[in-house]
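All residue numbers refer to positions in the sequence shown, counting from 1. Only this structure's heavy atoms are used, side chains among them; waters, hydrogens and symmetry mates stay out.
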Amino acid sequence: MFKNSKIQQLLAGVVLVASLPLTAAAQDKEPIKIALVTSKSGGFSTMGADVANGIKFAVEEANAKGGVDGRKIILAEGDDESTPDAGRRVAEKLTREGHNLIIGPITSSISLAISQNLTRWDAAFIGTMSKADKLTQDACNPRFIRTNHSDAMDLAMIKEWVKGIPGNNFAVLAADYVWGHDSAKSFEAAVTAQGKKVALKLFAPLGTKDYAPYIQQLKAANVDAVWFADVSGAIAFTKQAADFGLIPKTPLIGHALLSNFVVNATGTALTNTPGNVGYTPDIDTPQSKAFAAAFKAKFNRLPSDTEGQAYNGAMVLFQGVTLAKSVKSEDVAKALRGAQVDTLYGKATVRAADNQLVIPNYVARVKTADGVLRPVIEQAYPASIVPAASPLCKM
């Protein structure tokens, strides 16, 4: 008995020693250093908090499971202050400090300011919120991968959706920057193709607080519905539109209006309002169900649209590291180009021609579900309607 016990201890020691090099090798793998650049202040700070929450949840979840490809994830945060100049500065600072995998910017103007510097900074960038077509057209970059819907993808869906939208005469109120103008053009092109018209187009500068002058013009136009695309001003506009009697008499149609943070901040004003959504827990895939369940277990609520899109981008980034077997930015970007990856929308392909993730698109309507007022998916449009990559993209 004594001899057997001694032999067993000796063998156990041999096994332990033999395993040490493997364990040490795993621990010695270079960590994944991510720069979370998003809006902690400025007009997009509420949305920025959701972006940060979704990405941090993804990082904490992955690290709790041993990291990605045996690598620990280290996250550094920076405030882009909701402006392109600040976004560029903080992204450069973090990349110079070694955090060369960027994620988190919201507006297209900030994303464009960062994207054009990626090669100089030796960085890669996963875009999770910015929709401007320019990012995957003439300003495309082999180090930039977009995991959310582009304006072109939304337009392809809108062309189908407007066929069933009541009314023939519309107005547009959009933000006066790249994405807002793209949205207005997309909607106008879609409705005029159906023989309908846009009688009035208005653009509000970033930071607008008083929408009364715009609301008066919209009321005077006597249109059938208003296409609204102004993320930073969505809460102020919705509240004032209700106070001044624009809604519900004149229906709103929202482009990126139906974010949970907007619905939550405006009481019942958006009830029954339709609009596109980037993500909701209604998406019926195993990946979405697992994410929503894990998120609810931690926060005792379902994830918001912004949190879902941010988490989805982190999912893709992690898979890029695994595919590349590297944390070098250029390697990760190359590995993702043309790759099929798991997403909250199911299996999807990062299109090699422009690094756009090709995913289904959705229209939702604000109604009560799961005991809360939130966007609920009403129609789904398959990835097959996504338009081809723009010939302006040269990578």
Side-chain angles (χ1 to χ4, degrees), residues 35-39 42-48 50-51 78-91 102-118 123-141 143-158 172-189 203-208 227-234 254-257 259 275-279 305-306 309-310 312-313 354-357 359 361 386-387 389-390 392-393:
L36 170 53
V37 177
T38 198
S39 302
F44 295 92
S45 57
T46 303
M47 201 172 185
D50 275 3
V51 168
D79 181 11
D80 62 31
E81 302 173 23
S82 301
T83 70
D85 284 345
R88 178 188 50 75
R89 287 196 303 270
V90 74
I102 303 169
I103 193 168
I106 295 169
T107 73
S108 296
S109 55
I110 295 173
S111 291
L112 285 163
I114 291 173
S115 181
Q116 65 186 6
N117 288 289
L118 294 175
F125 176 12
I126 303 293
T128 66
M129 298 302 300
S130 301
K131 287 178 172 287
D133 289 332
K134 192 174 181 66
L135 283 160
T136 44
Q137 289 184 349
D138 58 313
C140 71
N141 188 312
R143 291 170 176 259
F144 173 78
I145 297 96
R146 174 159 43 199
T147 60
N148 63 296
H149 303 98
S150 67
D151 280 337
M153 294 167 73
D154 286 346
L155 173 58
M157 180 192 72
I158 290 165
V172 168
L173 174 55
D176 194 10
Y177 61 90
V178 176
W179 173 76
H181 283 270
D182 279 355
S183 174
K185 289 177 185 176
S186 297
F187 179 74
E188 185 172 23
F203 295 94
L206 185 64
T208 296
W227 177 261
F228 180 81
D230 183 355
V231 176
S232 67
H255 190 184
L257 171 63
S259 288
N276 72 305
V277 289
Y279 171 80
D305 57 318
T306 306
Q309 290 176 92
N312 185 67
D354 59 357
N355 279 350
Q356 171 66 54
L357 185 68
I359 51 178
N361 213 337
V386 173
S390 168
L392 295 174
C393 179

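When all heavy atoms are compared, the tightest approach of Gly78 to Val90 is CA-CG2, 3.5 Å. Closest approach of Val37 to Gly87, counting heavy atoms only: CG1-O, 4.3 Å. The two residues Asp354 and Ala389 come nearest to each other via the heavy atoms OD2-CB, 3.5 Å. When all heavy atoms of Asp80 and Ser39 are compared, the pair lying nearest together is OD1-OG, 2.7 Å. Between Gly180 and Phe203, the closest heavy-atom pair is O-CE2, 4.2 Å. Of all the heavy atoms in Thr136 and Phe144, the pair that sits closest is CG2-CE2, 4.5 Å.
Interatomic distance, Tyr177 OH to Asp182 CG, rounded to the nearest 0.5 Å: 10.5 Å. Once rounded to the nearest 0.5 Å, the distance linking CD1 of Ile126 with CD1 of Ile145 reads 4.0 Å. Distance check: Asp151 CG to His181 NE2 gives 12.5 Å after rounding to the nearest 0.5 Å. Atom-to-atom distance recorded for Glu81:CD and Thr38:OG1 is 12.5 Å, nearest 0.5 angstrom. For the atom pair CZ (Phe187) and NE2 (His255), the distance works out to 11.5 Å, reported to the nearest 0.5 Å. The line from OG of Ser130 to CZ of Phe125 is 6.0 Å long, rounded to the nearest 0.5 Å.
With sequence neighbours left out, Asp50 forms a side-chain hydrogen bond (donor to acceptor under 3.5 Å, both in side chains) with Ser304. Residues passing the side-chain hydrogen bond (donor to acceptor under 3.5 Å, both in side chains) test with Ser186: none are found, sequence neighbours excluded. Scored by the side chain to side chain contact (heavy atoms under 4.5 Å, CB included) test, Ala256 finds Trp179, Val231 as partners (sequence neighbours excluded). Ser150 meets the side chain to side chain contact (heavy atoms under 4.5 Å, CB included) test with Asp133, Arg146, Ala152, Met153, Gln356; sequence neighbours excluded. Residues satisfying the salt bridge (charged side-chain N to carboxylate O under 4.0 Å, His left out) criterion with Glu188, sequence neighbours excluded, are Lys201.
A distance-only check finds a donor-acceptor pair linking the side chain of Arg143 to the backbone of Ala123 [under 3.5 Å]. At least one donor-acceptor pair closer than 3.5 Å links the side chain of Asn148 to the backbone N or O of Met129.
In this structure the side chain of Gln137 never reaches within 4.5 angstrom of the side chain of Cys393, judged on heavy atoms. Side-chain contact check for Asn312 versus Leu357: some heavy-atom pair is nearer than 4.5 Å. No side-chain heavy atom of Asp230 sits under 4.5 Å from any side-chain heavy atom of Leu173. In this structure the side chain of Ile158 reaches within 4.5 angstrom of the side chain of Trp227, judged on heavy atoms. Using a 4.5 Å cut-off on side-chain heavy atoms (C-beta onward), Leu112 and Ser115 make no contact.
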**Request:** Decide side-chain hydrogen bond (donor to acceptor under 3.5 Å, both in side chains) for Asn276 and His149; before the verdict, give the C-alpha distance in whole Å, the side-chain angles of both, and the deciding distance to 0.1 Å.
**Result:** CA-CA 10 Å; Asn276 72 305; His149 303 98; over 6 Å; no
For residues 102-110, tabulate all N or O donor-acceptor pairs below 3.5 Å that involve a side-chain atom, not counting sequence neighbours.
residue, atom, partner, partner atom, Å
Thr107, OG1, Ser109, OG, 3.1
Thr107, OG1, Ile110, N, 3.2
Ser108, OG, Lys131, N, 3.3
Ser108, OG, Ala132, N, 3.0

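For Asp138 and Lys134, the salt-bridge test passes: some basic side-chain N is under 4.0 Å from an acidic carboxylate O.
Looking at Asn361 and Asp154, their side chains do bring a donor and an acceptor atom within 3.5 Å of each other.
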